[in-house]
2 protein chains.
Amino acid sequence: MSKPAPSVRELIREHYSALTQSERKFANSLLENYPAAGLASITIVAANAEVSTPTVARMVQKLGFKGYPQFHQALLKELEAQVSGPTQRRENWASEAPEGHLLNRFAQAVTDNLGQTFSNLDYEQFDMAVRQLANTEGRLYVVGGRITRALADYAFTHFQAIRQRVTHMTSSSATWPHYVLDMEAGDTLLMFDVRRYETNLQRLAELAAERGVKIILITDQWASPITSVAQHTFNCWVEIPSAWDSNISTMMLLEAMIAATQEEGWDETRERYERLDELFDMTRLFRKFS
Amino acid sequence: MSKPAPSVRELIREHYSALTQSERKFANSLLENYPAAGLASITIVAANAEVSTPTVARMVQKLGFKGYPQFHQALLKELEAQVSGPTQRRENWASEAPEGHLLNRFAQAVTDNLGQTFSNLDYEQFDMAVRQLANTEGRLYVVGGRITRALADYAFTHFQAIRQRVTHMTSSSATWPHYVLDMEAGDTLLMFDVRRYETNLQRLAELAAERGVKIILITDQWASPITSVAQHTFNCWVEIPSAWDSNISTMMLLEAMIAATQEEGWDETRERYERLDELFDMTRLFRKFS
DNA sequence: CAGCGCGTGAAAACATTTTTCCAAACCGCA
DNA sequence: TGCGGTTTGGAAAAATGTTTTCACGCGCTG
């Protein structure tokens, strides 16, 4: 063969859009546990993925194999090539990219950041902050800086779905005084401030604190000065080999908070969530999967 | 099992003295090309070693297997263990939180997602997409859906910093036709579409594709239908134990793209970047660390 | 050199796997 | 709600793989 045969993984990617729902179910099962989930007989493999044998048979044909045995052989070849291959895959999330490829350097940095962030996370603080976020007696204000505005937006979109009384303070600091005017003791202010800490944000934090607002601050490993007026501060590791900072760990923390908040107030908010879900269902074109 | 199962290699050595001539012939053939020479069907394996099928069948029974299929399975297991062994060792980001704490469950899910996303990433596609993103001859349009709007915003903020001619198509789809009007062949459209794929986005993609715009699609593991008109599609794993989907891996991919784009066109954009940096410096209050 | 026993593989019998076919379920759509 | 196309899995048919049987050949032994 002149071309290097594409891996089964690649074949799945390539044909994924042409696969039916059950076929995807199998594809996912295979990708999740690759390639082990494809090494047994078609009967067993199908049973593991909870689809029927014909489904698997049809799918491997879609991938371009003449039949299941061919597919099976292809997987074996890959496995074997990997074992006898030049270097044992590196322990991390090496993509197939070459050693020094940006993707791999990047993956390394992200791993480190997430690891650091997690191990420096005080889960009791986390739980308290979550309780605060789930408390719907006060309003919840969300605000971010130049870069973190997107995160604040993301937070807003989700919190809005799971609780009432949420406000996104737009990035134009000119409008902030209006919001502050309405803040009351018992309200919560979720702030994002990573380096180039912004003066405006600090002023806002001070004003809010004076009014008795509880501040939850998500910042970087060097900690924004807002820390001093915040109830709860969370530090996220953000360094990557680049001129700017990564917000993946920030995002991770945020999502964890959203998930926890939702779990916290699930009984009360479930109905709300389902109603919203239905509203979207009414306009959607494509079905959500199982 | 209490004892670690002995490898087939060991079994052969152990029983070697009890093997007949033809059986040894097969044993040697297997050891010479281990374990590949034992992975096919008994018929083929026997033919390769130039012995008869019964010989192989008898021998594997001598080794202690009930039949050829069991022997075959054992070889597979070994192979698989070899491959997944060192790789599988996942970093444990466990915070100090208790075992079943949401933080730990969440960390687990995120690890899996990032791992999956990375290993399914086609780095050649990635490089091509990056080259497209770095190409400033055409405009770069960025757009997202209901949830991914925040990501599109994040992308916009960064791309705007590193290159010229970037447009963020606001989330209100009513304004999209105006943008499409101005699109030209050679332009690039960076789209985010994760499930509950949105009809509007698909229409937009189709219109843009018709005008010769290159589409880079960032979607989830189930692939938005936009795939069919996109130049480059990237799948991000998004499942977490929650009613909604995680966008951490999406964010990771996005950041990797931004980093790569910046690296790609660094010489041309460095000056631009520094100038912007200075502008921010002029208004900031707190010093950037290190 | 006849007789015995073991090793071997052809071929038959058997078991399993794979494929094909088809009817039922499902889905989007009018 | 009913229609038309697609998807799905049960079951039978076909193919393939595995095991067993058995007869032949070889070499050793008395």
Side-chain angles (χ1 to χ4, degrees), chain A residues 8 12 15-30 37-76 278 280-290, chain B residues 8 15-30 36-76 195-199 202-203 222-225 228:
Chain A
V8 172
I12 291 178
H15 293 89
Y16 199 88
S17 57
L19 300 184
T20 68
Q21 231 166 300
S22 306
E23 285 166 356
R24 286 178 190 196
K25 200 169 168 189
F26 170 65
N28 289 334
S29 142
L30 177 57
L39 292 179
S41 77
I42 192 174
T43 326
I44 294 169
V45 157
N48 283 344
E50 298 183 321
V51 297
S52 65
T53 27
T55 302
V56 176
R58 279 188 291 257
M59 157 157 161
V60 298
Q61 283 180 6
K62 275 193 192 166
L63 295 189
F65 296 99
K66 214 182 133 260
Y68 184 80
Q70 281 71 23
F71 163 82
H72 192 259
Q73 281 297 110
L75 275 177
L76 278 176
E278 274 164 27
F280 279 113
D281 271 11
M282 289 169 66
T283 53
R284 91 206 130 87
L285 178 59
F286 294 94
R287 278 224 146 259
K288 182 180 173 184
F289 288 88
S290 74
Chain B
V8 172
H15 293 90
Y16 198 84
S17 56
L19 300 184
T20 69
Q21 222 167 308
S22 308
E23 284 167 358
R24 288 183 188 190
K25 199 170 169 187
F26 169 65
N28 289 334
S29 143
L30 176 55
L39 292 177
S41 77
I42 192 173
T43 326
I44 293 168
V45 158
N48 283 343
E50 299 185 318
V51 297
S52 68
T53 29
T55 303
V56 176
R58 280 188 290 260
M59 158 162 159
V60 297
Q61 284 179 7
K62 276 193 193 166
L63 295 188
F65 297 99
K66 212 179 135 262
Y68 185 80
Q70 280 70 24
F71 164 82
H72 192 259
Q73 280 297 109
L75 276 177
L76 275 178
R195 71 176 174 189
R196 270 67 173 346
Y197 311 119
E198 294 171 34
T199 326
Q202 201 189 353
R203 297 269 155 72
W222 302 283
S224 141
S228 57

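Proteins come first, then strands; the chains are lettered A, B, ... in the order of their sequence lines, and each starts at number 1.
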Given atom CD1 of Ile42(A) and atom P of dT20(C), what is their separation to the nearest angstrom? 11 Å

Side chain of Ser41(A) - closest among dG17(D), dT18(C), dG9(C): dT18(C)

Base, sugar-phosphate, or nothing for Thr43(B), non-hydrogen atoms under 4.0 angstrom? base

Kindly indicate whether a cation-pi arrangement holds for Arg24(A) with Trp222(B), taking the cut-offs as under 6.0 Å to the six-membered ring centre and within 45° of the axis. no

Does any non-hydrogen side-chain atom of Phe71(A) lie less than 4.5 Å from one of Val56(A)? no

Is Thr53(B) close enough to dG9(C) that one of its side-chain N or O atoms is under 4.0 Å from OP1 or OP2 there? no

Under the 3.5 angstrom rule, does the side chain of Gln73(B) hit a backbone N or O of Gln70(B) as a donor-acceptor pair? no

Distance below 4.0 Å between Ser22(A) side-chain N/O and dT8(D) OP1 or OP2: yes

When you check the phosphate oxygens OP1 and OP2 of dT8(C), does a side-chain N or O of Ser52(B) lie under 4.0 Å from one of them? no

Please state how far atom CD1 in Ile44(A) lies from atom C1' in dT18(C), giving the value in whole angstrom units. 13 Å

From the set dT8(C), dT7(D), dT18(C), return the single nucleotide nearest to any side-chain atom of Thr20(A). dT7(D)

What is the distance, rounded to the nearest whole Å, between atom CD of Gln70(B) and atom P of dT16(C)? 10 Å

Separation of Asn48(B) atom CG from dG17(D) atom P, in whole Å? 13 Å

Distance in angstrom units between Phe26(B) CZ and dG7(C) C1', rounded: 17 Å

Which whole-number value in Å describes the distance from Lys66(B) NZ to dC14(C) P? 17 Å

Could you give the CD-to-P distance, from Gln61(B) to dT18(D), as a whole number of Å? 13 Å

Taken to the nearest whole Å, CZ/Phe71(B) to C1'/dT19(D) is 16 Å

When you look at CD of Glu50(A), are more than 12 heavy atoms from neighbouring residues, nucleotides or ligands closer to it than 6.0 Å? no

Polar side-chain atom of Gln202(B) near backbone of Thr199(B) as donor-acceptor pair, under 3.5 Å: no

Closest-nucleotide mapping onto DNA chain C: is Arg58(A) or Ala40(A) further toward the 5' terminus? I mean the 5' end. Ala40(A)

Whether Thr55(A) contacts dT8(D) is assessed here as follows: a side-chain N or O lying under 4.0 Å from the phosphate OP1 or OP2. Is that the case? no

